[in-house]
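Working notes for the structure below.
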Amino acid sequence: MATSSSPPPPPDPSTDADLLRHLLFLSRDVSSHQQPSPPPSSPLCVNPNFSSVPRNVKQLSLLFEELLLAVRDDDDRCVDFALPRLASLCFREILLVLHRLKAHFDHCSARSRAFVLFRAEPLAAEIHEQVVDLATFLDILPVAELRIPEDVRDHVRLLLRQLRRSSPAVDPAALSLRRDILELIALVESGTVPDHAALQGIFRRLGIDDSWNCRHEIDSLERDIADGAAADRWVPAMVALASILRYARYVLFGASTPRLDTSAGADGRKSPFSEAEDLAVPADFRCPISLDLMRDPVVVATGQTYDRDSIVQWIGSGHATCPKSGQALAHLELVPNRALKNLISCWCRDNNLPFDGADATSNKQADADNATTAAANKAALEAARMTASFLVEELAAAPCTEAAHRVVHELRLLAKHGSDNRAFVAEAGAIPLLLPLLRSDDAELQVSAVTALLNLSILEANKRLIMHADGAVDGIVHVLAEGAKWRAKENAAATVLSLSSIHSYRRRLARHPRVVEVLLQMARHGPASSKKDAMAAILSLAGDRENTGRLVEGGVVGAALEAVGEPEVSEEAAAVVAALARRGGAEAVAKAEGAVARLVGLLRRGSDWARENAAAALVAVCRRPESGVVAELAAVPGIEWVIWELMGAGTERARRKAAALSRICRQWAAAVEAERTARLSAISITTSSATVA
């Protein structure tokens, strides 16, 4: 059950004068909830007390003002003041009641209007209980003993009669609205598209009259659901209503005008604050698979972190490799990343976002419960399907670029969250309509189109639809090569990364005559964030041995080794070098100028993952005796200490690779020493023979 939590007790006033000041301040605070004409963002009035209590408390503040006049003399100086003992006790109890009333109103104001409507009975009963307490203490209050004018005493008596008329009954209009909403949910659940006039009537009664207020209500309602604020009985209805509100917002108010991305500077660098929906989510807080904010980050055997749901789905679909690095998973154990989870929790709290901070087991159960609720909620699914169909129809009929941009932006947002939404958007036929927009001359429309395609590609079933659509790969390559904004290019690279998680598509993408070329251009000449996305896409392509020759011929080895020295992209670059070296590209790495020096530099100063991959690349190259790399490595000053330090402080895989490097170096040194000894021995024998002769 979710009721307003019990507020902490107010500070205990040390004097009666302080008590009256606290009462006056608190009564004014409670009365501020009085709204002559409640705006859509205010809590729904489901009980007469919601509107009458603030008015009554405002009248009560007149009593406190009158009593405070006795605290000061004619010269406005403080004088000794003491209330009758019974009056002081009553006022202290009234202070507690006002404090609880304030907490109650604050609680309702922070909730969605739908939440207040569905929880009408317990909320009305709670406020009625506080009103009864307030009336009781006013009845006990010895008004006759207080130094106040007679008209104020009459005012208090009148207020008491008003409070005694309090009732816990819910307003019939609110109950009627709730019944109509439940009937609307049942209608949508049956697959029937609701009448626009009926939607408008319900919205008007909810106090929602424009797109902004509708979005605010959706956000508040989803926050209530995520916070577990609703009783179990109403969770399905709230989930369904949130989806219906989203559909109705598009139908009644149209697609909203997207905010222009004005954050890119002359160099094309994007700000993390460039879009409202991204809310500046740090890259490290996003799951590499779903690209969404991680709720339960876990570490796999390779040391990479993913959201639990995403990596479980990845492993469950038959994959035995790390999605980001392409390495085989030594085991399938998932270790909670509690440090990262705490950072994400703090970030969410600072940005006023809901985040379940329970332990991993509780999180997993809660996520499963929420997923089950959403999946089993047919009304929510039908509303999402209607939303996707409506938006795709609007896109097909868009009369101009501006109208198309508005719709594509909404499709992009819809496809950003939830596999069901991605499936519905694709089923409605959005992909063929999005592909021509990849070549749009409108920069913002191009960004929205490629980002929508990226969001859709996260669902595995949609990858096939995209890869088999005419011109899809060519359109993505066009954005990579000629995108008007770096943001569009980055999302195109991320789309390549997403699509290449399927082995057959990974090969098909690499066989395209321009994919490797344009990714390399981006990796060499783009800003840091673009280089990172390009290298991540190349790393995914490098996960298949068949692609190694094409990547080497395209110049990937040189580009990756150059990027190894850039801190922002060194991890991905090192992983690319290691992947190519392991899958047949060791000779190309060995021949690359400065390869050993760059990789050793990364061993000294790189991150854990970068050092791990640098060691793996060196091991793969050094195992080719004809390359001469071992001799070059052994000649590096202090290399023994670097390898020894990595063996003691690196990741598990890094320690294994460092140990292998150490063995290779020792074997090479032993072979060199044996060769030198044999040579000296041969010289000695020759010298001795000459002397004898």
* **Arg507 with Asp544: basic N within carboxylate O range, under 4.0 Å** => yes
The side-chain hydrogen bond (donor to acceptor under 3.5 Å, both in side chains) partners of Glu652 (sequence neighbours excluded) come to none
- request: Assess whether side-chain hydrogen bond (donor to acceptor under 3.5 Å, both in side chains) is satisfied between Asn337 and Thr305, documenting all intermediate values.
  value: CA-CA 8 Å; Asn337 191 335; Thr305 298; 3.2 Å; yes
*Chi angles and distances behind the salt bridge (Lys or Arg N to Asp or Glu O under 4.0 Å) call for Arg422, Glu427*: CA-CA 9 Å; Arg422 296 178 185 119; Glu427 289 170 6; over 6 Å; no
Asp533 (side chain) donor-acceptor with Ala493 (main chain) under 3.5 angstrom:
no
Donor-acceptor contact present, side-chain Ser448 to main-chain His409, <3.5 Å
no
- Query: Can you find a side-chain donor-acceptor pair between His417 and Asn455 that sits under 3.5 Å?
  - Reply: no
May I ask you to decide if Ala428's main-chain N or O and Ser389's side chain share a donor-acceptor pair within less than 3.5 Å? no
query = Does the salt bridge (Lys or Arg N to Asp or Glu O under 4.0 Å) test come out yes or no for Glu410 and Arg249, once each step is laid out?
reply = CA-CA 11 Å; Glu410 297 294 355; Arg249 183 171 75 87; 3.2 Å; yes
Worksheet entry | Salt bridge Glu612-Arg653, side-chain N to carboxylate O under 4.0 Å | yes
Next on the checklist: Let's go through Glu568 and Lys531 carefully: what are the C-alpha distance in whole Å and the side-chain angles of both, what is the deciding distance for salt bridge (Lys or Arg N to Asp or Glu O under 4.0 Å) to 0.1 Å, and is it a yes or a no?
Outcome noted: CA-CA 9 Å; Glu568 300 87 352; Lys531 290 181 178 181; over 6 Å; no
Leu465 backbone acceptor or donor facing Asn462 side chain under 3.5 Å = no
Taking atom CG as the centre, does Asp284 end up with more than 12 heavy-atom neighbours from other residues, nucleotides or ligands that are less than 6.0 angstrom away?
no
| message | Quick one: does any side-chain atom of Ser540 pair with a main-chain N or O of Ala537 as donor and acceptor, under 3.5 Å? | response | no
Which donor-acceptor pairs under 3.5 Å do the side chains of residues 603-610 make with protein atoms, sequence neighbours left out?
{"residue": "Arg604", "atom": "NH2", "partner": "Pro637", "partner atom": "O", "Å": "2.8"}
{"residue": "Ser607", "atom": "OG", "partner": "Glu571", "partner atom": "OE2", "Å": "2.6"}
{"residue": "Ser607", "atom": "OG", "partner": "Ala610", "partner atom": "N", "Å": "3.3"}

Between Ser112 and Glu217 (side chain of the first, backbone of the second, donor and acceptor by atom type, cut-off under 3.5 Å), is there such a pair? no
Test item: Asp307 side-chain N/O and Arg295 main-chain N/O as donor-acceptor pair under 3.5 Å | yes
Answer whether the closest heavy-atom distance between the side chains of Asn613 and Val577 falls below 4.5 Å. no
Checking Val496, Leu509, Thr495 against Val473 for side chain to side chain contact (heavy atoms under 4.5 Å, CB included), the one that qualifies is Leu509
The residue among Arg508, Arg511, Arg506 that forms salt bridge (charged side-chain N to carboxylate O under 4.0 Å, His left out) with Glu546 is Arg511
| request: Check step by step if side chain to side chain contact (heavy atoms under 4.5 Å, CB included) holds for Met647 and Ser662. | output: CA-CA 9 Å; Met647 290 173 61; Ser662 180; 4.2 Å; yes
query: Under a 4.0 Å N-O cut-off, is there an ion pair linking Glu444 with Lys485?
result: yes
